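For clarity, every value in this text was computed on a predicted model and none was experimentally measured.
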Amino acid sequence: MAGSSAEHAPDYRSVLSISDEAARVRALNEHLSTRSYVQGFSLSQADVDAFRQLSGPPADAQLFHVARWFRHVAAILGSPRAPAPPCGLQASRGRRTQPPWSPPAGSEPCQLRLYNSLTRRKDVFVPQDGRRVTWYCCGPTVYDASHMGHARSYISFDILRRVLRDYFKFDVFYCMNITDIDDKIIKRARQNYLFEQYREKQPQAVQLLEDVHAALQPFSAKLRETSDPDKRQMLERLERAVRLAAEALEEPARRGLAGEELDGRVQVLLEEAKDLLSDWLDSMHGSEVSDNSIFSKLPKFWEAEFHKDMEALNVLPPDVLTRVSEYVPEIVDFVRKIVDNGYGYVSNGSVYFDTVKFANSEGHCYGKLVPEAVGDQKALQEGEGDLSVSAERLSEKRSPSDFALWKASKPGEPSWPCPWGKGRPGWHIECSAMAGTLLGASMDLHGGGFDLRFPHHDNELAQSEAYFENDCWVRYFLHTGHLTIAGCKMSKSLKNFITIKDALKKHSARQLRLAFLMHSWKDALDYSANSMESALQFEKLLNEFFLNVKDLLRAPVEVAGQFEKWEDKETELNKSFYDKKAAVHEALCDNVDTRTVLEEMRALVGQCNHYMAARKAARRRPNRALLESVARYLTHMLKIFGAIEEESSLGFPVGGPGTSLNLEPTVMPYLQVLSEFREGVRRVAREHRVPEVLQLSDALRDDILPELGVRFEDHEGLPTVVKLVDRDTLLREREEKKRGPSATCVPVTADSLWPRLLCPAAYLRAPLGQEAPETQDIQEGTRDLHSPNPFLLPIWGTRCPHGGPSPNLPRQPQAPPHGHPAQPPGPPSLPASCPDAACLVGSGLWPPPVSSSQPPSRPPQVPGPLGVGPRCAVPGPAPDCSPPAAGQAEEEKRRKKEEAARKRQEQEAARLAKMKVPPSEMFLSESDKYSKFDENGLPTHDTEGKELSKGQAKKLKKLFEAQEKLHQEYLELVQNGSVP
C-alpha cells in the first residue's frame with residue numbers, strides 16, 4: 001500500500017533506533033512487507049537514512065523485501081557509499097535534500113611567544129588569570145637627568161605594553177616604581193648641598209686654589225687605583241681640565257690682581273672642579289648632613305623631569321606608580337617575614353639575606369637568571385652601593401654573596417625607625433616589597449634593562465620567593481638590550497651619555513620610536529647618525545604614501561563612483577595586502593618582532609606605490625577604497641606602536657604633537673582652490689604663450705609655498721597633487737635641489753640620468769648602522785648593496801632581489817625613427833614583482849615635477865608613461881640635446897672630481913680611525929719595536945730589553961700628547977653625536 005513519507009516516518013525511526021545491524025535489517029524487512037515501495041513510491045528522508053546505513057543488499061534470501069527495496073533506492077540514489085548528490089537534487093518526485101557538510105580543516109592559530117630570560121628562549125605567553133596580565137617594571141633611580149639608556153628601556157616596554165593591550169587585547173595592569181632612596185641619591189644630594197654652601201661663601205682665589213690642590217690629592221690616588229680603562233680616561237680628562245683651569249688662575253692670584261677677569265677665572269675653576277670639590281667636601285663634612293629633606297629634594301626634582309621626558313616621548317604613564325619613600329612600612333614588614341622564615345639575619349643593626357641557606361633549601365634556587373655570575377664580587381658590591389661596601393660592612397656578612405635587606409644608617413644618611421634600629425632599605429628589597437604588595441605572590445611579567453639581571457633581579461627573585469615560600473614569583477622576565485652611542489658604551493658614571501631632552505632637540509619622538517622599532521627590543525641598539533637617518537627615511541616613505549592617498553581621497557567623486565570594478569591589479573594588490581597582514585601577525589607573535597613588521601609595511605607601501613604608478617601611467621585613477629584600506633591599516637598599526645600620538649584616522653597628523661588643531665582639514669580646502677586656480681592660469685598661459693606667467697607659477701610652487709609647509713607636485717596630464725609637509729623638510733629638499741646638477745639641457749644617458757633619480761631613493765631604506773650609497777657608487781655599479789635587510793634599496797642595473805628583471809639601461813640614446821625628432825631614452829619599465837621600484841613612485845621622488853614653462857607645442861621629450869627627460873625653462877624651439885663635442889672632456893673632469901672626493905673620504909676615514917685609538921694603547925701594538933711599557937702605555941725599553949734614551953722617550957711623549965688631543969676631540973664628537 002502506497003503511503004506518504006510522513007505516515008511511515010515513525011516506523012522508520014523505530015527501525016533506525018536499533019543498534020544491532022542484523023536485528024535492524026530484520027525489522028526493516030518486516031516493515032517493508034506492509035507497504036509498496038516500487039509503484040507510485042517516492043523516497044522519504046527516512047528511506048535515505050536507512051539506505052545509508054547499509055553497505056549492500058542482504059545476502060539472506062528470506063530478507064527479499066529489503067533486497068528489492070535496496071535495489072529500487074540504489075537505482076535512484078546510487079550506491080550507499082557513493083558521493084552525495086549535488087545540493088537540490090530531487091529524489092523521484094519527493095522533496096529536495098541537502099548534502100552532507102563538514103567544517104573546513106583550517107590552520108593552527110599563531111601563538112604569542114616572548115623571550116623569557118628565565119629560560120633564555122621564546123616561550124608561549126600564557127597569563128595566569130585569563131586575559132588579565134600583571135606586569136611590574138623597574139623604574140629609574142632619580143638623581144640626574146634621564147638619558148637615552150632610559151629611553152631605550154621605557155620606549156621598548158611601552159611598545160610591548162601597547163601591542164599586548166591594543167593588538168592582542170590583553171587586560172594589562174602595569175606597575176612601575178621610582179627609586180628615591182639609594183646610595184647614589186644620598187651621595188649626590190649631600191655633595192650638591194655641600195658644594196652649594198661652599199659656593200655661597202664665595203671663596204677667594206687663593207683659598208679656592210688651596211682647596212682644589214687639597215682635593216686633587218685623594219683624587220689622584222683614586223686615579224692611580226682605577227683599572228677600568230674607560231673610567232680611567234674619564235678621570236684623566238677631569239684632572240687635566242681642573243689643572244688647566246687652576247693654572248689659569250694661579251698667576252693673576254699670585255700677583256694680587258682683582259676685577260672681572262679674575263672673577264671669571266674663579267668661576268671657571270669652580271665649574272671645572274665641581275665634581276672634584278664635591279667629593280672632597282663630602283669626605284670631610286658628609287657625616288654632618290642630617291636633614292632628611294635634603295635627601296628628598298633631589299629625587300623629587302629629577303622624578304618630575306623624568307615624567308616630562310616620558311610624556312615628550314609619548315610613553316604611556318603606568319597604571320600605578322610606587323615610590324620607595326612611600327613604602328618604607330611595607331618594606332619593614334617584608335624584611336621581618338623573610339627573617340621569620342629563616343632566610344635573613346640581623347648583624348650590627350643591618351639585615352642580610354642568607355644566600356647559602358636559601359640555595360640549599362628544597363624548592364628554591366639562587367641565581368635563576370644568571371647562574372654563572374653567582375659569586376661575582378664586583379657585581380655584588382655595585383649592587384650594594386658606594387656607601388655600603390666598606391670593610392666594616394663586608395665583615396657583617398656570613399657569606400660574601402649575601403646582600404643587604406635593611407641597612408643601618410650611618411651619620412649623614414636618611415633613616416627610618418624599625419625593629420633593628422634606625423636604618424634604610426636595601427636596593428633589591430624595594431622592588432620586591434612594592435611589587436609583592438600590589439601584585440601578590442606571583443606576577444605574569446617583570447621587566448628591566450639587561451644590566452639589571454644580576455645581581456638586582458636575581459636577588460629580587462630570591463628574597464620574594466623566600467617571603468612567599470614559592471618558586472614562581474615571576475613567570476616571564478623581559479630584559480631590554482643595551483644602548484650604545486655611535487658604537488661606544490653608554491655610561492652615566494663615565495659621563496658618556498645623551499639626555500632625552502638633547503635627543504629630542506635633534507629628532508622627534510616619532511623618529512626615535514621608529515629607530516627603536518627597527519631593532520628587536522631585546523637586542524643591543526646603536527644610537528647614531530646612521531640609525532636615525534634610516535628612521536627619518538622610513539618616516540618619509542610612509543608619510544609620502546599617506547599624503548598621496550589623502551590627495552586621492554580628496555578628489556570629488558559620485559557616491560556610486562566610490563565603488564569601482566576590480567581588475568587583476570586590484571585583486572593582486574588586495575591578495576598581497578592580506579598576505580602582509582598575516583606576515584605582520586606572525587611577526588608580532590614571534591616575540592613582538594617589530595623589525596620584521598616594519599619591513600612588511602615598507603614592502604606593502606612599495607607595492608601600493610607601484611600600483612598607483614601603473615594607474616597614473618594609464619591616466620586612470622587608482623582604486624580609492626583599496627588604497628584607503630591599506631592606509632588605514634598602516635595608520636592603525638602605527639598607533640598601536642605609539643608612533644602616531646594624536647587622533648588621526650589616516651596617516652601622520654599635520655600640526656605637530658601636542659597641538660589641539662589638526663591643520664589638514666582646516667587649510668586643505670583653501671589650498672585646493674589655490675591649486676585649481678593656478679592650474680587654470682597655467683593652461684591659459686600655455687595657450688597664449690606667456691612664459692612670464694608660467695615662471696611665476698613655478699616660483700609659487702618652488703619658492704613661496706615650501707616656506708609655508710606646502711608642496712605642489714605637477715604631473716603631466718594629471719591634476720596637481722597638494723601635500724602638507726614639514727616646513728624644514730621642504731626647505732631642506734629645496735636646498736638639496738639647488739646644490740644638485742645644473743638645470744641646463746645635458747645629454748641624457750643611463751650614466752647621467754638614472755643615478756641622479758635613483759640616488760635619493762637609495763636613502764629611503766638604508767640599513768641601520770650603514771650609510772646610504774653615494775651617487776658615484778650607483779653610477780659605476782661598484783658597490784653591491786644586495787642585502788637580506790629589506791630596508792636597503794637595490795642598485796638598479798645590477799639585480800633585483802625581489803625576482804623582477806633588472807632594468808635595461810641603454811648606454812647611449814637610440815636613433816629616432818625617420819621623421820621624428822631626437823628623443824632621449826626613457827627609463828626602463830619597473831618590474832611589477834619588485835616593491836622597491838615602486839618607492840620611487842608616489843614618494844615625491846618619482847616622477848619629478850614638470851616645469852610649467854615648457855611650451856605645449858614643443859615636441860614631447862619623454863617617451864613612455866613613466867619616462868622622464870630634460871625639462872627646459874626657456875621658451876622657444878626645443879634645444880639640440882645631442883652629445884656635445886666636449887663630452888669626453890666633461891666626463892674626464894667629472895671622473896677627476898669624483899676621484900678627489902673619494903680620496904678626501906679615505907683621508908677623513910683614516911683620521912677618524914686614528915682618533916679612536918686611546919693614547920694608552922697607541923704603542924702597545926708595536927711589539928716589534930718595544931718590549932716594556934709604563935702604566936700610561938708609554939714604551940720604556942726596546943725589543944732587546946734596553947732602556948730607551950731620553951731623546952727617544954721625549955719624542956714618544958710628544959706623540960703621546962698629540963694622540964691625547966686627537967682622542968679627546970673624538971670623545972667630544974661622540975658625546976655631541978657628530979661622529980659620522
Engineer: Salt-bridged, Glu384 to Lys407, with N to O below 4.0 Å?
Structural biologist: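 No.
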
Engineer: Cut-off 3.5 Å, side chains only: do Arg152 and Ser156 have a donor facing an acceptor?
Structural biologist: yes

Engineer: Could you give the distance from CG (Asn116) to CG (Asp123), rounded to the nearest 0.5 Å?
Structural biologist: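 The CG atom of Asn116 sits 5.0 Å away from the CG atom of Asp123.
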
Engineer: For atom NZ of Lys357, is the number of surrounding heavy atoms from other residues, nucleotides or ligands below 6.0 Å larger than 12?
Structural biologist: no

Engineer: Exactly one of Arg188, Arg190, Lys187 should register a side-chain hydrogen bond (donor to acceptor under 3.5 Å, both in side chains) with Asp282. Which one does?
Structural biologist: Arg190

Engineer: Can you name the nearest heavy-atom pair linking Asn292 to Pro414, along with the distance?
Structural biologist: OD1-CA, 3.3 Å

Engineer: Using the benzene-type ring in the case of Trp, are the ring centres of His446 and Trp135 under 6.0 Å apart?
Structural biologist: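 Here the rings of Trp135 and His446 have centres that are no less than 6.0 Å from each other.
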
Engineer: Could you tell me which non-hydrogen atom of Ile498 sits nearest to which non-hydrogen atom of Asp502, and how far apart they are?
Structural biologist: CG2-CB, 4.1 Å

Engineer: Between Tyr343 and Phe353, how do the two ring planes meet: parallel, tilted or perpendicular, split at 30° and 60°?
Structural biologist: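 Parallel.
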
Engineer: Test side chain to side chain contact (heavy atoms under 4.5 Å, CB included) on Leu208 and Tyr198 and set out the steps.
Structural biologist: CA-CA 10 Å; Leu208 176 60; Tyr198 181 82; 3.7 Å; yes

Engineer: Kindly say whether Pro918 contributes a backbone atom to a donor-acceptor pair with the side chain of Glu921 at under 3.5 angstrom?
Structural biologist: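 No, because the side chain of Glu921 does not come within donor-acceptor range (under 3.5 Å) of the backbone of Pro918.
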
Engineer: Go through the structure and list residues passing salt bridge (Lys or Arg N to Asp or Glu O under 4.0 Å) with Glu239, not counting sequence neighbours.
Structural biologist: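 Here the qualifying residues are Arg243.
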
Engineer: Ignoring hydrogens and angles, state whether a donor on the side chain of Ser531 or Asp526 is under 3.5 Å from an acceptor on the partner side chain.
Structural biologist: no

Engineer: Is any side-chain heavy atom of Trp473 less than 4.5 Å from a side-chain heavy atom of Ser442?
Structural biologist: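 Side chain of Trp473 against side chain of Ser442, heavy atoms only: no contact under 4.5 Å found.
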
Engineer: Using the rule given for salt bridge (charged side-chain N to carboxylate O under 4.0 Å, His left out), can you reason through Glu305 versus Lys308, listing the C-alpha separation, both sets of side-chain angles and the distance that settles it, and then say yes or no?
Structural biologist: CA-CA 5 Å; Glu305 293 300 303; Lys308 292 175 185 176; 3.3 Å; yes

Engineer: Is the distance from the ring center of Phe403 to that of His428 below 6.0 Å?
Structural biologist: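 Judged by ring-centre distance (under 6.0 Å), Phe403 and His428 do meet the cut-off.
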
Engineer: Side-chain contact, heavy-atom cut-off 4.5 Å: Asp180 with Phe295?
Structural biologist: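 No - every pair of side-chain heavy atoms lies 4.5 Å or more apart.
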
Engineer: Can you see which heavy atom on Ala503 is nearest to which on Tyr527, and at what distance?
Structural biologist: CB-OH, 3.6 Å

Engineer: Can you give me the closest heavy-atom contact between Cys175 and Thr322, atom names plus distance?
Structural biologist: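 Closest pair (atom of Cys175, atom of Thr322, distance): SG-CG2, 4.2 Å.
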
Engineer: Any carboxylate oxygen within less than 4.0 angstrom of a Lys/Arg side-chain nitrogen, looking at Lys300 and Glu303?
Structural biologist: no

Engineer: Give every donor-acceptor pair under 3.5 Å between a side-chain atom in residues 415-423 and any protein atom, sequence neighbours left out.
Structural biologist:
none

Engineer: Between Glu326 and Arg323, is the closest basic N to carboxylate O distance under 4.0 Å?
Structural biologist: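 Result for this pair is yes, salt bridge flagged.
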
Engineer: Do Tyr154 and Phe306 have ring centres separated by under 6.0 Å?
Structural biologist: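 Yes, they do, as the ring centres are separated by less than 6.0 Å.
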
Engineer: Quick check: does any side chain N or O of Arg120 sit under 3.5 Å from a backbone N or O of Leu369, one acting as donor and the other as acceptor?
Structural biologist: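 Flag set: sc Arg120 to bb Leu369 pair under 3.5 Å.
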
Engineer: Is it true that the side chains of His479 and Ser117 contain a donor and an acceptor less than 3.5 Å apart?
Structural biologist: yes

Engineer: Would Met915 and Gln963 satisfy side chain to side chain contact (heavy atoms under 4.5 Å, CB included), going step by step from the backbone distance to the final call?
Structural biologist: CA-CA 7 Å; Met915 292 172 68; Gln963 184 63 24; 5.7 Å; no

Engineer: Hydrogens and angles aside, do Thr134 and Asp444 bring a side-chain donor and acceptor to less than 3.5 Å of each other?
Structural biologist: yes

Engineer: Please determine whether side chain to side chain contact (heavy atoms under 4.5 Å, CB included) holds for the pair Tyr193 and Asp291, giving the CA-CA distance in whole Å, both sets of side-chain angles, and the decisive distance to 0.1 Å.
Structural biologist: CA-CA 11 Å; Tyr193 172 74; Asp291 186 356; over 6 Å; no

Engineer: Does the side chain of Lys397 come within less than 4.5 Å of Tyr345's, by heavy atoms?
Structural biologist: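 In short, these two side chains touch, coming nearer than 4.5 Å.
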
Engineer: Got more than 12 heavy atoms from elsewhere within 6.0 Å of NZ, Lys184?
Structural biologist: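 Count not over threshold, so no.
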
Engineer: State, to 0.1 Å, how close Ser401 and Leu380 come at their nearest heavy-atom pair, and which atoms those are.
Structural biologist: CA-CD1, 3.8 Å

Engineer: Do Asp934 and Thr940 get their side chains close enough for a donor-acceptor pair, meaning under 3.5 Å?
Structural biologist: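 No, no side-chain donor-acceptor pair sits under 3.5 Å.
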
Engineer: So does Arg336 pair up with Asp333, basic N to acidic O under 4.0 Å?
Structural biologist: yes

Engineer: List the steps and the verdict of side-chain hydrogen bond (donor to acceptor under 3.5 Å, both in side chains) for Glu396 and Tyr352.
Structural biologist: CA-CA 9 Å; Glu396 296 172 356; Tyr352 294 94; 2.6 Å; yes

Engineer: Any side-chain heavy atom of His213 sitting closer than 4.5 Å to one from Gln217?
Structural biologist: no

Engineer: Could you check if a side-chain atom of Cys138 sits within less than 4.5 angstrom of a side-chain atom of His457, using non-hydrogen atoms only?
Structural biologist: yes

Engineer: Is any side-chain heavy atom of Phe450 closer than 4.5 Å to a side-chain heavy atom of Thr480?
Structural biologist: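 Sidechains of Thr480 and Phe450: no contact.
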
Engineer: Decide side-chain hydrogen bond (donor to acceptor under 3.5 Å, both in side chains) for Asn348 and Ser350; before the verdict, give the C-alpha distance in whole Å, the side-chain angles of both, and the deciding distance to 0.1 Å.
Structural biologist: CA-CA 6 Å; Asn348 198 25; Ser350 296; over 6 Å; no

Engineer: Would you please indicate if the ring centroids of Tyr366 and His364 are separated by under 6.0 Å?
Structural biologist: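 For Tyr366 and His364, the ring centres are not under 6.0 Å apart.
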
Engineer: Is the ring pair Phe334/Tyr467 parallel, tilted or perpendicular, if the boundaries are 30 and 60 degrees?
Structural biologist: parallel

Engineer: Do Leu118 and Lys368 have side chains that approach each other closer than 4.5 Å (heavy atoms only, starting at C-beta)?
Structural biologist: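 Answer yes - side chains close enough.
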
Engineer: I want to check a possible cation-pi pair here: Lys522 against Tyr115, using under 6.0 Å from ring centre and within 45° of the ring axis as the test.
Structural biologist: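 So Lys522 does make the cation-pi contact.
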
Engineer: Dump the intermediate steps for side-chain hydrogen bond (donor to acceptor under 3.5 Å, both in side chains) on Asn177 and Thr179, then the final yes or no.
Structural biologist: CA-CA 6 Å; Asn177 79 294; Thr179 298; 3.1 Å; yes

Engineer: What's the verdict on side-chain hydrogen bond (donor to acceptor under 3.5 Å, both in side chains) for Ser432 and Glu460, showing C-alpha distance, side-chain angles and the deciding distance?
Structural biologist: CA-CA 6 Å; Ser432 292; Glu460 274 189 38; 4.8 Å; no

Engineer: Quick one: CG on Leu298 to CD1 on Ile186, what's the gap to the nearest 0.5 Å?
Structural biologist: 11.0 Å

Engineer: Apply the test side chain to side chain contact (heavy atoms under 4.5 Å, CB included) to residues Arg475 and Gln128: give CA-CA distance (whole Å), side-chain angles for both, the deciding distance (0.1 Å), then the verdict.
Structural biologist: CA-CA 9 Å; Arg475 297 293 186 173; Gln128 300 175 99; 2.9 Å; yes

Engineer: Determine whether a donor-acceptor pair (N or O, by modelled atom type, separation under 3.5 Å) exists between the side chain of Asp183 and the backbone of Leu387.
Structural biologist: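 Present.
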
Engineer: Within a 6.0 Å radius of atom CD on Glu392, are there more than 12 heavy atoms belonging to other residues, nucleotides or ligands?
Structural biologist: no

Engineer: Answer yes or no: is there an ion pair linking Glu964 with Arg240, defined by an N-O contact shorter than 4.0 Å?
Structural biologist: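 So Glu964 pairs with Arg240 through a salt bridge.
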
Engineer: Which residues satisfy the salt bridge (Lys or Arg N to Asp or Glu O under 4.0 Å) test with Asp309, sequence neighbours excluded?
Structural biologist: Lys501

Engineer: Do you know the tightest heavy-atom contact between Ile181 and Pro425?
Structural biologist: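 Nearest heavy atoms, Ile181 then Pro425: CG2-CD, 4.2 Å.
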
Engineer: Does a side-chain heavy-atom distance below 4.5 Å link Leu525 with Asp523?
Structural biologist: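 When only atoms from C-beta onward are counted, Asp523 and Leu525 do not touch, as no gap falls below 4.5 Å.
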
Engineer: In plain terms, say whether Asp230 and Arg232 are close enough for a salt bridge, that is, a side-chain N and a carboxylate O under 4.0 Å apart.
Structural biologist: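 Looking at Arg232 together with Asp230, the answer is no, because their closest N to O distance does not fall below 4.0 Å.
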
